[in-house]
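It should be emphasised that the depicted structure is a prediction, and the values quoted were computed from it without experimental measurement. Letters A, B, ... are given to chains in the order of the sequence lines, protein chains preceding strands, and every chain is numbered from 1.
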There are 2 protein chains.
Amino acid sequence: MEKIIRKPPRNRRKMQSVTMTDVAELANVSPSTVSLFLRKPEAVSASASQTISRAIDKLNYVPNLMAGGLAAASSRAVSIIVPSVRNAFFAETVSAMQTALKKQRLQLILGHTEYDEHEEEELVRMALSWAPAAIVLTGLSHSPATRRLLANVAIPVIEIWELGGPQIDSAIGFHHDQVGIAAAEHLIQQGRRNLVFLGARMHQDRRAKQRCDGFLEAARNGGATARVVEHPDAASAEIGAMLLSDALRLYPDADGISCSNDHIALGALFACDRLKVAVPERLAVVGFGDLSFSAACNPPLTTIRPSGDLIGREAARLIEDHLNGEKPERQLTIDTRFTLQHRRSS
Amino acid sequence: MEKIIRKPPRNRRKMQSVTMTDVAELANVSPSTVSLFLRKPEAVSASASQTISRAIDKLNYVPNLMAGGLAAASSRAVSIIVPSVRNAFFAETVSAMQTALKKQRLQLILGHTEYDEHEEEELVRMALSWAPAAIVLTGLSHSPATRRLLANVAIPVIEIWELGGPQIDSAIGFHHDQVGIAAAEHLIQQGRRNLVFLGARMHQDRRAKQRCDGFLEAARNGGATARVVEHPDAASAEIGAMLLSDALRLYPDADGISCSNDHIALGALFACDRLKVAVPERLAVVGFGDLSFSAACNPPLTTIRPSGDLIGREAARLIEDHLNGEKPERQLTIDTRFTLQHRRSS
DNA sequence: GACAACAATAATAGCGCTACGATTCAAATG
DNA sequence: CATTTGAATCGTAGCGCTATTATTGTTGTC
């Protein structure tokens with residue numbers, strides 16, 4: 001009952017050597033003013049601004065975003081979860097988003113699922129523990145637990161690179177079945193009637209599957225035959241070459257090939273070269289992605305170009321708008337479309 | 001003076017609906033125990049563990065990492081700054097790091113500089129404001145301000161993808177000049193004497209420049225002639241094709257080509273195909289990177305394979321060790337080496 | 001010249017969590 | 001049986017910042 005004896009203060013590890021208080025002292029203002037200056041410079045008088053600014057420079061002050069985020073109940077982080085950054089498509093989107101978000105002083109927290117829904121769920125949980133300003137997921141397919149986690153968050157949830165299914169909140173992307181349809185229609189228009197789709201990892205890559213399905217249906221609707229040759233591993237030129245050989249062996253009358261992406265298409269072109277199959281005379285080849293090499297191939301590859309960077313920019317814009325309080329309707333859907341690049345391979 | 005009238009409490013926006021205290025209440029323990037359970041489960045009794053675990057599940061509790069980080073004076077974030085994630089090399093490292101760090105429940109905060117030192121400086125500043133557990137930079141070349149920012153931080157600073165210069169703290173990578181040397185020696189060994197290096201963006205990409213310089217020196221030391229043909233833009237197959245045509249026009253006697261990376265080499269191979277230049281008979285081609293298509297080319301590309309994923313894994317291991325208190329000597333240097341993949345293009 | 005209106009600044013009370021020391025309680029020891 | 005030990009748990013005091021209200025000073029108005 002008489003523990004009035006003040007124990008010596010514990011020594012807690014300090015995180016920072018120089019805090020906002022230090023800046024305030026040097027600038028002869030209150031910490032509040034420094035905080036205000038940092039958040040809304042226009043609300044602070046010119047003279048105060050100058051002294052504070054000088055003090056910050058002199059002390060080399062770096063604000064602690066965790067303290068700030070904790071106090072403000074939201075952070076300057078945006079979480080983005082993609083299947084893999086090794087994939088050029090997602091790398092492009094991540095890169096574009098990063099560039100756009102940089103202007104808002106928002107940081108990207110990256111996670112990759114490797115096409116595993118359970119992994120995604122864990123990543124979403126980790127992401128939420130940062131109280132991010134927004135969370136970006138790839139695709140519309142998520143585990144029930146993931147949906148539950150995201151059902152009632154107050155921040156924008158943006159699903160990218162896929163449209164055409166039930167969305168959690170906003171979605172930015174395009175319809176992959178339409179990509180398949182566009183490829184099929186193009187080949188038919190080029191006079192091809194025996195079409196084959198070369199696919200990789202379609203049991204995991206839902207979007208590749210959608211492109212394939214759209215292709216098959218459109219081909220058949222257009223009066224062409226349509227077959228699929230696939231491989232369980234991830235897309236690569238090597239697998240593309242294998243698939244093309246298989247396709248020509250199984251369907252010697254094939255005259256039009258659509259590939260689940262440009263890596264496959266590149267391998268197919270190499271295989272055609274080796275097998276002395278004339279492209280496009282004997283076989284037309286269409287890819288997807290318009291990757292860096294696609295225009296430089298022999299022959300240059302006809303391909304469908306998605307707008308990976310536009311997806312990233314639009315996502316960033318949505319987040320920015322939300323941050324500025326312009327709360328747009330939820331369940332927003334933005335179709336970024338795609339374009340067919342007609343080159344010599346078809 | 002008589003402001004003893006307590007004003008009604010302000011209503012601050014709460015960040016979370018369910019906090020650690022809620023979990024503690026439901027589990028009938030103190031918040032401290034919940035915290036302990038989350039950080040060191042083995043220090044909590046089995047029965048308590050179970051009730052807490054159940055309460056967490058029931059409430060769908062997500063810890064607030066910002067509060068945790070603030071209190072613990074360090075966060076579960078690792079900041080990685082690369083020139084670009086669009087670049088397959090860095091994407092590979094980022095991906096490998098992410099996979100390794102995931103096991104430690106560490107999150108990657110990504111930044112890209114687009115080869116701009118000033119941008120890097122800003123990114124480092126932003127990174128530091130997250131009080132990350134470690135910070136990873138690309139290369140050894142940084143602005144003085146960046147060095148100053150990082151000079152006295154208590155966390156590991158890891159520079160990746162380059163060795164051979166003054167390092168801030170630890171460095172993981174390889175010597176790019178040795179890559180150039182290996183390419184030159186290989187071509188000479190194959191009987192080539194008139195060598196050309198095809199380079200892109202070498203005014204910005206220091207490491208490409210180092211490879212080029214190593215190549216030139218080794219070639220000349222080996223009694224070969226060595227020339228450079230370069231382009232200011234970023235590497236791509238298209239530019240590779242242009243550079244090859246230029247090289248053959250300028251140096252018709254060239255019999256060995258080394259490319260600053262496999263994109264360039266791919267374009268070079270395409271150009272050779274179009275120009276009916278026999279590879280390797282008339283012209284040997286060596287790349288750098290061993291990208292996904294390199295083994296599938298016509299002919300398969302001889303290339304030097306850096307270990308991008310090993311760099312990422314080693315960086316993660318360093319960070320992990322530091323987190324576990326095993327403070328290794330600073331200024332650690334890890335040479336991850338590279339390997340020459342001899343294929344048919346040389 | 002009294003008062004309102006406004007701009008600029010300051011004081012205060014947390015945000016949710018962790019580190020640290022303190023406390024409790026059971027088992028082990030002399 | 002008093003004491004020691006150790007494991008398990010708890011209480012407290014911030015971490016560095018922001019949102020909100022409160023306070024000050026400075027104009028403008030009738």
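- Side-chain atoms of Met20(B) and Leu38(B), non-hydrogen and from C-beta on, do get closer than 4.5 Å to each other.
- Note on Thr33(B): a side-chain N or O is less than 4.0 Å away from OP1 or OP2 of dC10(D).
- An OP1 or OP2 oxygen of dG16(D) is reached within less than 4.0 angstrom by no side-chain nitrogen or oxygen of Thr21(A).
- One can place CG of Asn28(A) at 16 Å from C1' of dA8(C), the figure rounded to the nearest angstrom.
- An OP1 or OP2 oxygen of dC17(D) is reached within less than 4.0 angstrom by a side-chain nitrogen or oxygen of Tyr61(A).
- Here dA8(D) is the nucleotide among dA8(D), dC17(D), dG16(C) with the atom lying nearest to any side-chain atom of Ser45(B).
- Looking at the side chain of Ala72(B), the nearest of the listed nucleotides dT18(D), dA19(C), dC17(C) is dA19(C).
- At a threshold of 4.0 angstrom between heavy atoms, the contacts of Pro31(A) with the nucleic acid are absent.
- Look at NZ on Lys40(A): it is 15 Å from P on dT9(C), rounded to the nearest Å.
- Between the CZ atom of Phe37(A) and the P atom of dC17(D) there is a distance of 14 Å, rounded to whole Å.
- Between the CG atom of Asn64(B) and the P atom of dC17(C) there is a distance of 6 Å, rounded to whole Å.
- Rounded to whole angstrom, the span from the CD atom of Glu25(B) across to the P atom of dT9(D) amounts to 18 Å.
- Distance CD1/Ile168(B) to CG/Leu149(B): 9.5 Å, rounded to 0.5 Å.
- Between Ser143(B) and Arg147(B), the side chains place no donor N or O within less than 3.5 Å of an acceptor N or O (distance only, hydrogens not considered).
- Atom P of nucleotide dG11(D) and atom CE of Met20(B) are separated by 15 Å, given to the nearest angstrom.
- Across the protein-nucleic acid pair, Leu65(B) atom CG and dT18(C) atom C1' stand 13 Å apart, rounded to whole Å.
- For dC17(D), neither phosphate oxygen OP1 nor OP2 lies less than 4.0 angstrom from any side-chain nitrogen or oxygen of Arg39(A).
- Listed pair Ser35(A) / dT18(D) meets the phosphate criterion, a side-chain N or O lying under 4.0 Å from OP1 or OP2.
- When each of dT9(C), dG16(D), dA8(D) is scored by its nearest atom to the side-chain atoms of Leu36(A), the top-ranked nucleotide is dT9(C).
- Between the CG atom of Leu38(B) and the C1' atom of dC17(C) there is a distance of 10 Å, given to the nearest Å.
- Ranked by how close their nearest DNA chain D nucleotide is to the 5' end, Ser47(B) and Ala67(B) are led by Ser47(B).
- Side-chain N/O atoms of Ser32(A) include none lying less than 4.0 angstrom from OP1 or OP2 on dA19(D).
- Note on Ser30(B): a side-chain N or O is less than 4.0 Å away from OP1 or OP2 of dC10(D).
- Sparse packing is recorded around CG of Asn152(B), with 12 or fewer heavy atoms of other residues, nucleotides or ligands lying under 6.0 Å away.
- Using a cutoff of 4.0 Å between basic side-chain nitrogens and carboxylate oxygens, Glu119(A) and Lys102(B) are scored as salt-bridged.
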